[in-house]
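Down below is the structure, laid out as structure tokens.
The chains referred to below are lettered A, B, ... by the order of the sequence lines, with proteins before strands, and numbering in each begins at 1.
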Amino acid sequence: MGMRNTAIAKVFYDIGDLLELKGENPFKIRAYQRAARAIEHLPKEIEIMLREGQDLKAIPGVGEAIARKIADLLATGKLEYYEKLRAEFPPGIATLLEIPGVGPKTAMRLTQELGISSVEELERAIRDGQVASLFRMGEKTAENILYQIEALRRKDQRIPIGEALPLVDEIFEGLRAIPGVKNLTPAGSLRRFQETVGDIDLMGTADNPRQVIEAFTRLPMVAQVLGQGETRASVIVAGGLQVDLRMVEHERYGSLIQYFTGSKQHNIALRERFHRQGLKLSEYGITDLATGKEETFATEEAFYQRLGLQYIPPEIREGGEEIDRAARGDIPALVEVPDIKGDFHVHTDWSDGRSPLEEMVQAARARGYRYLAITDHSVGLRIAQGLSVERVLAQIEEVQKLNHGLKDIYILTGTEMDIRADGSLDLPDEVLARLDVVVAAVHSSMGQEQEKMTRRVLGALENPHVDILAHPTCRLLGEREPVHIDLEAVFKKAVEKGKALEINAMPTRLDLKDIHILRARELGAKLLIGTDAHSPEQLDLMRFGVGLARRGWCQTRDIINTWPLEKVKAFFKREEE
DNA sequence: GCCGTTTTCGGCCCGACTGTTTTCAGTCG
């Protein structure tokens, strides 16, 4: 009975919703929601944990009762408790909860008093004036709900971080010139490098906040100003995204940025822990509950330090083990952009890249890289002008010539070789043997069944010349679901054969993603961050890959393109000898 | 329902906003 963590998590999220409608104990509801979230973010599939006899109670937020329910669910594919709960409500009522402003109490009243169980029915009832006539509801409430329904319908998906961050750069560019502006930074999911963001929260401090707010609302990309005050403003930028800027007091900047960075789970866990120790944490500071004395913090570092914690980088503030680890001084030094010594996934105009080889090399030098692998597509990928064997050999010569004139950077010959649908490789072994780096990747027949796809990729990893598996799940954010593949088997094979797994930094890919990275590392795999650059500027996508790697708690020892070239070469050679 | 440097019971993050109100419930982040 196959059931993935995401599906298990959905059941417990649903249970949480239904218990809310029922008016159950709020703490019980939160317990289900916490467990659902923990399951959703678990690096390891629960199915595997059970098969290996691991105790599910080790998952934070999962106790006796929920552990038993998970086991039931996986054994039978059903959960009686859940089925019974669902039968108590008209189907569709939970969808009302998705409307901002409609909570469980309102949803239940709408159902019980007006017989509403869908968003469409609710919309009709508002237009008929039925909703406004309910006790303790009025015109304004009804209107607001209607507005929220309409907003929900036209609301775009969350946008990829790859679109959000450049926008932030542009906004800050326009504000930095103002005298007295400091600490401009994104907060929220953007600062934590989540793969997509719903809106953009920006913060900063200034001697004259009003002036900054004024300038913000007049930036060229601002399409509409939703609201504007002395210290904050909300705008809609071209494309429909909401951006909030909040200018805060210098002396409370630390606790404010900490609070607005989240995650919510991290903040809750932090507050619970220190509440037990007699401290009240909020965005305004830290209050000693015994004396009532409040302290403020100008920096986030000081805030964490006051709690006796090591600084916790935003990317790992997920409300998991990071707080315990920080208390033990056990937060590792996570990889940073300046640690990166080269890129192993780069295209040129030999295949579908936009720029000549020389330009890509100069761009890599300009970024201080010590090495660069040229990995154009292989022959089978016609749509990308994949290189024939002759062209591969010609490129090898070209690169060797180029290397003679270069002192500060070394160019590696390479290929992004297609793993064909039948599992065969797109270039013969004798050609692969002549290349410094072989990046293997799937580009076709992505609908294959899991077993076939897994066999296909494992087969490629068996080849002694293959060094790297690129974008292992092939997902495209918001466009294409990941392929069906047994990643656990792929990671184990990569470890066994000494292959590196790519973290593809292309913002539409971000593949592997955070929980995959965590699991790969647990299994002892080595990773690398590749940009998949098709132009010189795209080498800068590296920061997205680094952000992602940091979400996966990666240190330089985990990421091979932070290593000196000799060490990388030795790693790749292990299998070939 | 979960959990423990208050450990098998009694707690469970914190503050703000909104609307319909004579003191607050519901919702949100």
For the side chain of [X], starting at C-beta, report the closest nucleotide among [options].
X	options	answer
A:Lys105	B:dC13, B:dG1, B:dT27	B:dT27
A:Thr106	B:dC13, B:dC2, B:dT27	B:dT27
A:Tyr259	B:dG29, B:dG1, B:dC14	B:dG29
A:Tyr284	B:dG15, B:dG1, B:dT21	B:dG15
A:Tyr32	B:dG1, B:dT6, B:dC13	B:dG1
A:Asn25	B:dC12, B:dG15, B:dT21	B:dC12

Reckon [X] touches a base, only the sugar-phosphate, or nothing at all at heavy-atom distances under 4.0 Å?
X	answer
A:Pro26	nothing
A:Glu64	sugar-phosphate
A:Ile99	sugar-phosphate

Looking only at side chains, do [X] and [Y] share a donor and an acceptor under 3.5 Å apart?
X	Y	result
A:Glu300	A:Tyr311	yes
A:His266	A:Glu318	no
A:Gln242	A:Asp244	yes
A:Asp330	A:Gln310	no

[N] and [M]: how far apart are their [atom1] atoms, nearest whole angstrom?
N	M	atom1	value
B:dT23	B:dC28	P	25 Å
B:dG10	B:dT18	P	40 Å
B:dT7	B:dC12	C1'	15 Å
B:dC14	B:dC9	C1'	25 Å
B:dC13	B:dC3	P	13 Å
B:dG11	B:dC17	P	30 Å
B:dT20	B:dC24	C1'	10 Å
B:dG1	B:dT5	P	23 Å

Mind calculating the distance between [atom1] ([X]) and [atom2] ([N]) to the nearest angstrom?
X	N	atom1	atom2	result
A:Ile268	B:dG11	CD1	C1'	16 Å
A:Leu281	B:dC13	CG	P	12 Å
A:Asp55	B:dC2	CG	P	12 Å
A:Arg328	B:dT5	CZ	C1'	15 Å
A:Asn144	B:dT20	CG	P	10 Å
A:Ile39	B:dC2	CD1	P	10 Å
A:Ile200	B:dG29	CD1	C1'	17 Å
A:Arg276	B:dC3	CZ	C1'	8 Å

Discussion item. Let me confirm one number: the CG-CD distance from A:Leu74 to A:Glu45, rounded to the nearest 0.5 Å.
Written reply: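 Rounded to the nearest 0.5 Å, the CG-CD separation comes out at 9.5 Å.
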Worksheet item: Between A:Met137 and A:Val102, who's closer to the 5' end of DNA chain B by nearest nucleotide?
Response: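 Taking each residue's closest nucleotide, the earlier one in sequence belongs to A:Met137.
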Practice prompt. For A:Glu283 and for A:Gly63, locate the closest nucleotide of DNA chain B by heavy-atom distance; then report the residue assigned to the nucleotide nearer the 5' terminus.
Written response: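 The residue mapped nearer the 5' terminus is A:Gly63.
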I want to check one thing: is the phosphate of [N], taken as OP1 and OP2, less than 4.0 Å away from some side-chain N or O of [X]?
X	N	result
A:His275	B:dC14	yes
A:Arg136	B:dG26	no
A:Thr141	B:dT20	yes
A:Lys264	B:dC28	no
A:Lys69	B:dG1	yes

Worksheet item: Is it true that atom CD of A:Glu301 has more than 12 heavy atoms of other residues, nucleotides or ligands lying nearer than 6.0 Å?
Response: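 Atom CD in A:Glu301 is crowded, with more than 12 foreign heavy atoms closer than 6.0 Å.
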Worksheet entry | Heavy-atom closest pair, residues A:Ile213 and A:Gly229 |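 Smallest heavy-atom distance, with atoms named: CG2-O, 3.6 Å.
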Worksheet entry | Counterpart base for B:dT18, defined by Watson-Crick or G-U wobble contacts under 3.5 Å |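 WC or wobble partner is B:dA25.
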